[in-house]
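The structure under discussion appears below in the form of structure tokens.
Quick caveat, the model's predicted, so the values are computed rather than measured.
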Amino acid sequence: MRHDSNDDPRLADGLDPELLGFINGISAAYGRFPNFETLDIPAQRRVAEHVRAPWAKGGPRVFRSTNRVIGQLRTRIHCPRPGPLPALVYLHGGGWTFFSVDNNDRMMREYASRAGITVIGVEYPLSPETRFPNQLTLLADFVRLLANRGEEWDIDPTRLAIGGDSAGANLALGTAMTLRDCDYGDALCAMLLNYGAFDARMGSESYKRFGDGRYIPTAAEMDALWSNYVRDPAQRLDPFVSPVLADLAGLPQTFMTISALDVLRDENLVVKSKLQAAGVAVSGGLYPGSIHSFLEAASVSSLAVKALSDGASWLTQKLAPSAQQ
């Protein structure tokens, strides 16, 4: 059943009306395939890529987009103009299990064009084939490589940020924590965390309110995705898996995009508060009316455009030469 009219019950939750087409379009696209839960993971990945592909099209053109292997990881590099330029390492979402740089292609070009920086999308290994902490080890090594040899890819290695959405935001924060703990924290100047998965305990009020299937993702989906990422249930309490449990002191200044109608809302608010309490400067915050993954909906949503612009403006400011110590 489609909910396109003004009597859609989700509007009573405060859902931005422009996002109805996005969420209904995704639901309708999945409905054209066999029941997702009956498919094996490779088939699920193909379906998920197909469903989200239309939302990665359009948007700004950049000076150059190239696929490169850097170190052990495949990347897509979007440059808005000749460099060397500051760079954002961006990690796609998908519950550690799904998606690729293809699904975030428009979002990365939006950040590159709006912020005037290079954006490097990373194809990190997916779960359950690869599990915690292997992704964090590879990503920390990747950032070290850029910090030491960034000029080889037309990147200013003194002006690096890391970011991501959903599971990608979890990996971005975990990578920053890993670098901090091995005395390489200065490699990063900033973090961009978009509606991240930060608490594998899944016990918040927002899980109870939004996890029933009206919005994406559901509580059941998140539980399965967390199980794909960790090697055993006890790891859900590891602070590098659930950063709400971590010491967040000594991390880079941060911009957070927090979606309001999202099972992950409350844990993002907790992480924001904990970062601030630890002395980390935090900008951004809650976007009323937004849902998980809403930044992908820039073609139909002025709220998504605003949030992208807010994050990009912040990146421009924080990665400017005058902002570096």
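Ion pairing between a basic and an acidic side chain is recognised when a charged N comes within 4.0 Å of a carboxylate O; D141 and R144 show such pairing.
Within the 3.5 Å criterion, the main-chain N or O of G168 finds no donor-acceptor partner in the side chain of D165. Checked by atom type and distance alone, the side chain of S206 never pairs as donor or acceptor with a backbone atom of S204 at under 3.5 Å. The main-chain N or O of N228 is found under 3.5 Å from a side-chain atom of R131 such that the two form a donor-acceptor pair. The main-chain N or O of R74 is never found under 3.5 Å from a side-chain atom of E123 such that the two would form a donor-acceptor pair. A donor-acceptor pair under 3.5 Å is absent between the side-chain atoms of E151 and the main chain of P84, judged by distance alone.
Counting heavy atoms from C-beta on, the side chains of T118 and C79 come closer than 4.5 Å. Side-chain contact between T175 and Q135: absent, with no pair of heavy atoms (C-beta onward) separated by less than 4.5 Å.
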task = Just do the salt bridge (charged side-chain N to carboxylate O under 4.0 Å, His left out) check on R236 and D223 with the steps written out, would you?
result = CA-CA 11 Å; R236 289 191 181 216; D223 188 49; 2.9 Å; yes
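The aromatic rings of Y229 and F132 lie perpendicular to each other, with more than 60° between the two planes, well past the 30° mark.
Partners of F33 according to the ring pair (Phe, Tyr, Trp, His ring centres under 6.0 Å) rule, which considers only residues two or more places apart in sequence or in another chain, are H50. Every residue meeting the ring pair (Phe, Tyr, Trp, His ring centres under 6.0 Å) condition with W226, not counting sequence neighbours, appears here in chain and number order: W96.
Ring centers of Y195 and Y215: at least 6.0 Å apart, outside the cut-off. Taking the ring centroids of F98 and H92, they lie at or beyond the 6.0 Å cut-off.
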